[in-house]
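A short worksheet on the structure shown next.
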Amino acid sequence: MVPGTYFPFYLSFLQQPQRYIAHLDLDSFFVSVEVLHEPSLKGQPVIVGGSRERGVVTACSYETRKFGVHSAMPMATAMKLCPQAIVLRGTRGEYSRYSRWVTDIIAAKAPKFEKASIDEFYIDLTGMDKFFDPYQWTIDLRQEIIDQTQLPISFALASNKFVAKVATDQAKPNGYIFIQPGKEKEFLAPLTVNKIPGVGDSTYQVLKAMGISTIGDILKFSKEELEEQLGKWGPDLWDKACGVHHGEVHEYHEAKSISTENTFGENSSDVDFLLSQLVRMTERVAFELRQDEKLAGCIAVKIRYPSFETTSKQVSIDYTFRDDELIPVAKDLFHKLYRKGQPVRLLGVRLSELASHGMQASLFDDAEKKADLYKAIDSVKNKYGRDSLLKARTVRKQDEAAEDD
Ligand SMILES: [Mg+2]
């Protein structure tokens with residue numbers, strides 16, 4: 001026997017099984033929910049977002065995207081680009097209900113899944129190809145979600161989370177795609193580099209200056225050259241351009257905390273930039289908090305330095321879901337933690353000690369009255385009894401007095 005034919009067969013026992021990861025993402029989720037409730041909005045340029053002066057775009061329909069509108073853009077900019085857009089404040093509070101519905105459908109079927117955000121899921125189908133075709137299985141699951149909820153949803157199946165996420169974006173709106181194992185690099189090559197999650201404006205400019213515009217262009221450079229230009233992020237980008245990624249699907253549990261963290265493309269010691277990121281992240285977790293119809297009793301901020309040294313600090317707060325109450329506390333924690341002048345690699349914000357309030361939050365209204373908060377707290381008290389709410393937090397003196405009764 002020729003060793004060359006024998007040896008690979010023998011080696012195949014040592015190989016890892018082929019990974020199959022599906023990434024499912026509801027299409028412009030908030031807008032789609034609004035359209036379900038008001039069918040005349042279908043096909044219209046719709047933006048769900050905050051006030052026209054100070055708010056940001058939370059979600060936008062595909063009809064607005066051709067004007068350059070995208071989520072997280074200031075509303076003022078969006079209104080300039082697409083003045084005819086129908087702006088909704090998104091106060092219906094139905095989003096969490098639909099999100100839970102989709103989660104339940106997936107949970108009933110999937111061997112192992114992760115809920116990455118309110119409208120985004122990863123399913124690990126590795127090893128399942130012995131029993132069924134993972135692609136057909138995911139096609140059927142998607143159809144079931146659409147049949148039950150009427151919400152448009154796209155997915156991609158690939159050999160890892162990164163390629164699946166990028167591919168879902170290519171499949172949108174309302175489509176699906178399978179990136180065959182081994183074809184990752186080929187699929188990624190023609191896409192522009194900003195299709196890689198985490199490539200923001202500043203990295204994009206550096207890459208452009210290097211003559212890199214597509215993901216394929218990244219591989220014209222060596223890992224070392226990229227590291228010189230971009231630090232640790234460089235070799236990571238190189239691996240991604242090859243379609244290599246080892247991230248695991250983290251199994252879903254009902255949230256005991258809501259958190260977000262951001263590893264910067266480039267480390268930064270610019271306090272204004274770091275604070276602006278911190279505000280944006282706090283707004284994001286507060287938004288998710290309101291979506292889940294919860295209040296938070298504790299907030300934490302985390303800072304990681306380039307040496308991977310990580311510090312965090314948390315503080316108990318009066319139960320709230322309000323940006324204007326959470327942001328000053330987050331900033332204060334940041335100032336207490338941050339070692340001036342040190343570059344920061346990662347910033348994180350976490351809300352915990354969550355309590356349901358059982359009422360629909362007015363999602364975007366800055367001018368919301370303080371009274372609403374107390375109404376919300378009262379509603380929790382009524383539901384779970386005073387003790388549950390007063391435990392484990394810093395309470396105002398009169399509340400403590402009241403509890404002693
Ligand atoms: Mg989505």
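As the structure is a computational prediction, the values presented were derived from the model and not from experiment. We count ligands from 1, going down the list as the structure has it; atoms in each ligand are counted the same way. Counting begins at 1 with the first residue of the sequence.
Sorted by first and then second residue, the pairs that involve residues 149-158 and meet side-chain hydrogen bond (donor to acceptor under 3.5 Å, both in side chains), not counting sequence neighbours, are Asp27-Ser154.
Ordered by chain and number, Asp25 OD1, Leu26 O, Asp119 OD2 make up the set of protein N, O or S atoms under 2.8 Å of the Mg ion (ligand 1).
For the salt bridge (charged side-chain N to carboxylate O under 4.0 Å, His left out) test, no residue two or more places apart in sequence or in another chain qualifies with Asp140. Every residue meeting the side chain to side chain contact (heavy atoms under 4.5 Å, CB included) condition with Cys298, not counting sequence neighbours, appears here in chain and number order: Gln314, Ser352, Glu353.
Judged purely by atom type and a 3.5 angstrom limit, Arg142 uses its side chain to pair as donor or acceptor with the backbone of Asn174.
A donor-acceptor contact under 3.5 angstrom links the side chains of Glu184 and Ser159, judged on distance only.
Looking at every heavy atom in both residues, Phe334 comes nearest to Leu278 through CB-CD2, 3.7 Å.
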